[in-house]
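Worksheet: the structure to be examined is printed underneath.
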Amino acid sequence: MLQVSYIRDNREQVLERLAVKNFKQVGLVDDIIVLDSQRRALQISSEELQSKANASAKQIGELMRTGKKDEADALKGQTGAWKEDIKKLTEDLAAVDEELQQKLVLLPNLPHASVPKGITPEENEVVLEHGNKPTLPENALPHWELAAKYDLIDFELGVKITGAGFPVYKGKGAKLQRALIAYFLDEAEKAGYAEVMLPLLINEASGFGTGQLPDKEGQMYYVGMDNLFLIPTAEVPITNLYRDVILKGEELPVMNCGYTPCFRREAGSYGAHVRGLNRLHQFDKVEIVQVVHPDKSYDVLETMSTHVQSLLQNLGLAYRVLRLCGGDMGFGSALTYDMETWSAAQQRWLEVSSVSNFETFQSNRLKLRFRNAEGKTQLAHTLNGSALALPRIVATLLENNQTADGIRIPEVLVPYTKFEWIS
RNA sequence: GGAGAGGUGUCUGAGUGGUCGAAAGAGCACGCCUGGAAAGUGUGUAUACGCCAAAAGUGUAUCGAGGGUUCGAAUCCCUCCCUCUCCGCCA
């Protein structure tokens, strides 16, 4: 959520930045500015009246104590009359403020200056490509066939138990999941992230804090009986750890990592591109989150990007890094890098990580602040990234490492899997 | 799920209608004291929004949340949420 004071003082800039995100509701921004000035006008008049009433009440108390009951009664009448006005003004104020808030949450975050203009994923900027795309043997198989061939993943069983998009991992397939999770967590810990294990259900306040609510509830599974949502990413519970918190300056940066399953409804996405592990309703992911000083957030974004890339390099996967264009970016992000690995059997790039700087977009909603050098509270910047999401990593590992004799496990994973080959 | 108790500032904890944004203590910060430290001692120590060019200052709100009574509510009433204890159930 943007800060009203910023919108008020930087209308042109806000509109210009929003245009990069392909957001063109100029009217909304102007509505916000009008509502804000209405809000302040109402606040001034209601507070003036309240101030008078408070003084009067104090005076009545004084008169009562000194036994001047008549004078007190006279004052009571007058003060009582103000009460109606105060009530009216306060209600108006609340109504205007409510409307302001409702409009405010509709504005996406402003993109960073380096974000390319564009609407479709094709307009994302390729920042770098790393590693050679492997050439596969003649009869190479896509991962879903490999998974069946070696009995690693059973998609049909998952359908029986839950539905499409909920795979059952078996044998070495299951162990590979566990190995990847442990490996990613260990690497994150080495990089300075403190591990947390989290609730998988979140309440509305948490969903609001990180930007999933309002409006994006359709992407989450909802447990109506208790008004809770299944997490779409560990970002939500981890970042919300710091909701309503004022950190000491020296506590920054806060670095956390966590493994959770993630649940996404992904309504309406079916077809060849979502086959196998390409898109699931439940998947595993290790997330990294940082809460940092605003001056540091873009350096930290690079650090996080580097961390993710090092994982991909260690796994021996060819990948590329994209700087997302305005239209393809998330609602709350100011700058996002997507990491994609090359799926050799499918001959296409698969997104395996997304690393974003939210600047103060989330912290404003979360009321996540720190005490700055002047001793004042200031909104911190939040960042998060997948490090990494498992399914597409598994997909590319299976496909790219397939040989006539079986599938080779990357060296770094062997201590975790305790086996070198799937055959 | 049943019964009871309770939610006050960073913490402990006082406060049952007016002088309460809130006693006291602890903690923390800065100073004094000290060769240095401890002890002692002094001062300070919530947040948000508004007014002001800004600092200073100042107004309003906030004692779990929302509503009500009253000239005036941390204090009285109602609703909700949460925590704790005991019992029950249970991985």
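Here is how names work: the chains are called A, B, and so on, in the same order as the sequence lines, proteins then strands, and each is numbered from 1.
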Listed nucleotide nearest any side-chain atom of A:Lys87, set B:G59, B:G18, B:G68
B:G68
Using the side-chain heavy atoms of A:Gln43, tell me which of these nucleotides is nearest: B:G18, B:G50, B:G72.
B:G50
Partner of [N] by Watson-Crick or G-U wobble geometry, both contacts under 3.5 Å, or none?
N     : value
B:G72 : none
B:A65 : B:U79
B:A48 : B:U60
B:U34 : none
B:U85 : B:A3
B:C90 : none
B:U10 : B:A26

Would you say [N] has OP1 or OP2 under 4.0 Å from some side-chain N or O of [X]?
X        : N     : result
A:Arg8   : B:G50 : yes
A:Thr377 : B:A48 : yes
A:Ser51  : B:U60 : yes
A:Arg369 : B:U47 : no
A:Asn54  : B:U60 : yes
A:Arg39  : B:C49 : no

Please report the distance, rounded to the nearest Å, between [atom1] in [X] and [atom2] in [N].
X        : N     : atom1 : atom2 : result
A:Asp226 : B:C80 : CG    : P     : 17 Å
A:Lys376 : B:A46 : NZ    : C1'   : 14 Å
A:Arg371 : B:G44 : CZ    : P     : 18 Å
A:Gln50  : B:C71 : CD    : P     : 16 Å
A:Glu48  : B:C52 : CD    : P     : 11 Å
A:Met1   : B:A48 : CE    : C1'   : 13 Å
A:Glu47  : B:U62 : CD    : P     : 11 Å
A:Leu89  : B:G59 : CG    : P     : 19 Å

Mind checking A:Leu75 for me? I need base, sugar-phosphate or nothing, with any heavy atom below 4.0 Å counting as a touch.
nothing
Just to be sure I understand the rule, does A:Lys367 reach a base, reach only the sugar-phosphate, or reach nothing, if contact means heavy atoms closer than 4.0 Å?
nothing
Pairwise [atom1] distance for [N] and [M], with rounding to whole Å:
N     : M     : atom1 : result
B:A55 : B:G7  : C1'   : 39 Å
B:G18 : B:A23 : P     : 16 Å
B:U34 : B:C28 : P     : 23 Å
B:G66 : B:A74 : P     : 13 Å
B:G44 : B:G4  : C1'   : 43 Å
B:U8  : B:A46 : C1'   : 13 Å
B:G72 : B:U60 : C1'   : 16 Å
B:A73 : B:U16 : C1'   : 10 Å

Do A:Thr417 and A:Lys172 meet the criterion of a side-chain donor-acceptor pair at a distance under 3.5 Å?
no
Taking atom types as modelled, is there a side-chain donor on A:Asp284 or A:Gln177 under 3.5 Å from an acceptor on the other?
yes
Parallel under 30°, tilted from 30 to 60°, perpendicular over 60°: which one fits the rings of A:Phe229 and A:Tyr222?
tilted
Does the pair A:Lys190/A:Glu187 count as a salt bridge with the N-to-O cut at 4.0 Å?
yes
Looking at A:Asp244 and A:Lys367, is any side-chain nitrogen of the basic one under 4.0 Å from a carboxylate oxygen of the acidic one?
no
Would you please indicate yes or no on a ring centroid separation below 6.0 angstrom for A:Phe166 and A:Phe155?
no
Run through A:Asn278, A:Leu317, A:Thr396, A:Leu398 and flag the one making a side-chain contact (heavy atoms from CB on, under 4.5 Å) with A:Ser343.
A:Thr396
Cation-pi geometry met for A:Arg365 and A:Phe208 (6.0 Å, 45°)
yes
Which is more 5' along RNA chain B, the nucleotide nearest A:Asp36 or the one nearest A:Lys52? Just name the residue.
A:Asp36
Toward the 5' end of RNA chain B, which comes first, A:Gly375 or A:Glu62, by nearest nucleotide?
A:Glu62
